[in-house]
Amino acid sequence: QVQLVESGGGLVQAGGSLRLSCAASGHTFSSYTMAWFRQAPGKERIFVAAISRGGGSTYYADSVKGRFTISRDNGKKTVDLQMIILRPEDTAVYSCAAAPSEIVYSDTYRVLPLSYNYWGQGTQVTVSS
């Protein structure tokens with residue numbers, strides 16, 4: 001069992017930056033692939049970024065490549081999302097999620113919300129133009 005709690009959301013102007021953090025509880029954090037998803041009003045939840053259980057591999061949606069960086073600290077049981085050069089279209093509720101690494105071993109499964117067992121409650125990010 002893993003419980004996830006996000007923090008760090010807020011209001012920022014376009015071009016600004018934010019750092020989201022997700023704190024996990026449970027004894028098996030290091031065995032999970034961790035990811036960030038986002039959901040804008042009236043739209044589906046979509047994949048943003050993921051990081052392998054050891055942190056050696058990272059994956060990004062095309063829309064955030066070069067602007068967002070995902071990282072994790074297995075000792076502290078945290079996964080962060082550093083976001084720079086934010087755009088109004090980045091406005092959404094951002095949620096972190098955990099999935100067994102053997103489930104999300106390919107791009108096909110890694111980007112699917114249904115592949116993830118555990119979710120945080122989400123944190124709002126609003127980017128003003």
Hydrophobic cluster identity match, Tyr118 and Met34, side-chain contacts under 4.5 Å: yes

Electrostatic pair Asp80:Arg19 at N-O distance under 4.0 angstrom: yes

Trp36 with Val104, same ILVMFWY side-chain cluster at under 4.5 Å: no

Flag, side chain of Ser101 to backbone of Ser31, donor-acceptor distance under 3.5 Å: yes

Side chain Arg53, main chain Asn74, donor-acceptor under 3.5 Å: no

Between CG on residue Leu18 and OG1 on residue Thr126, distance to nearest 0.5 Å: 9.5 Å

Donor-acceptor pair, side chain of Arg67 and main chain of Ile85, under 3.5 angstrom: yes

Flag, side chain of Glu6 to backbone of Gly122, donor-acceptor distance under 3.5 Å: yes

Note, Val12 side chain near Met83 side chain (heavy atom, < 4.5 Å): no

Set of ring-ring contact (aromatic ring centres under 6.0 Å, His included) partners for Tyr116, sequence neighbours left out: Phe37

Salt bridge Asp90-Arg87, side-chain N to carboxylate O under 4.0 Å: no

Whether Lys77 side chain and Phe29 backbone form a donor-acceptor pair below 3.5 Å: no

Shortest non-hydrogen separation from Pro88 to Ser129 and the atoms involved: CG-CB, 3.8 Å

Inter-residue atom distance Ile46.CD1 - Ser63.OG, 0.5 Å rounding: 5.5 Å

Ala40 to Ala92 - nearest heavy-atom pair and separation: N-CB, 3.8 Å

Residue pair Ile51 / Val79, side-chain heavy-atom distance below 4.5 Å: yes

Test item: Thr123 side-chain N/O and Tyr94 main-chain N/O as donor-acceptor pair under 3.5 Å: no

Non-hydrogen atoms of Thr33 and Ser52 that approach each other most closely: OG1-CA, 4.2 Å

Heavy-atom pair with the smallest gap, counting every atom of Val2 and Ala24: CG1-CB, 4.2 Å

Gln121 CD: over 12 foreign heavy atoms closer than 6.0 Å: yes

Heavy-atom donor-acceptor pair, Tyr60 side chain to Ile70 backbone, under 3.5 Å: yes

Side chain to side chain, Arg38 and Arg45, heavy atoms closer than 4.5 Å: no

Donor-acceptor pair, side chain of Ser17 and main chain of Ile84, under 3.5 angstrom: no

NZ or CZ of Arg110 within 45° of Phe47 ring axis and under 6.0 Å: no

Candidate pair Glu89 and Thr91, rule side-chain hydrogen bond (donor to acceptor under 3.5 Å, both in side chains), full reasoning: CA-CA 5 Å; Glu89 54 264 39; Thr91 295; over 6 Å; no

Nearest non-hydrogen partners of Asn117 and Ala99, listed with the distance: OD1-CA, 3.8 Å

Any side-chain heavy-atom pair of Leu81 and Val48 under 4.5 Å: yes

CD/Glu44: more than 12 non-hydrogen atoms of other groups inside 6.0 Å: no

cation_pi(Arg72, Tyr32) dist<6.0 Å, angle<=45: no

Spacing of Leu112 atom CG and Ile103 atom CD1 [to the nearest 0.5 Å]: 12.0 Å

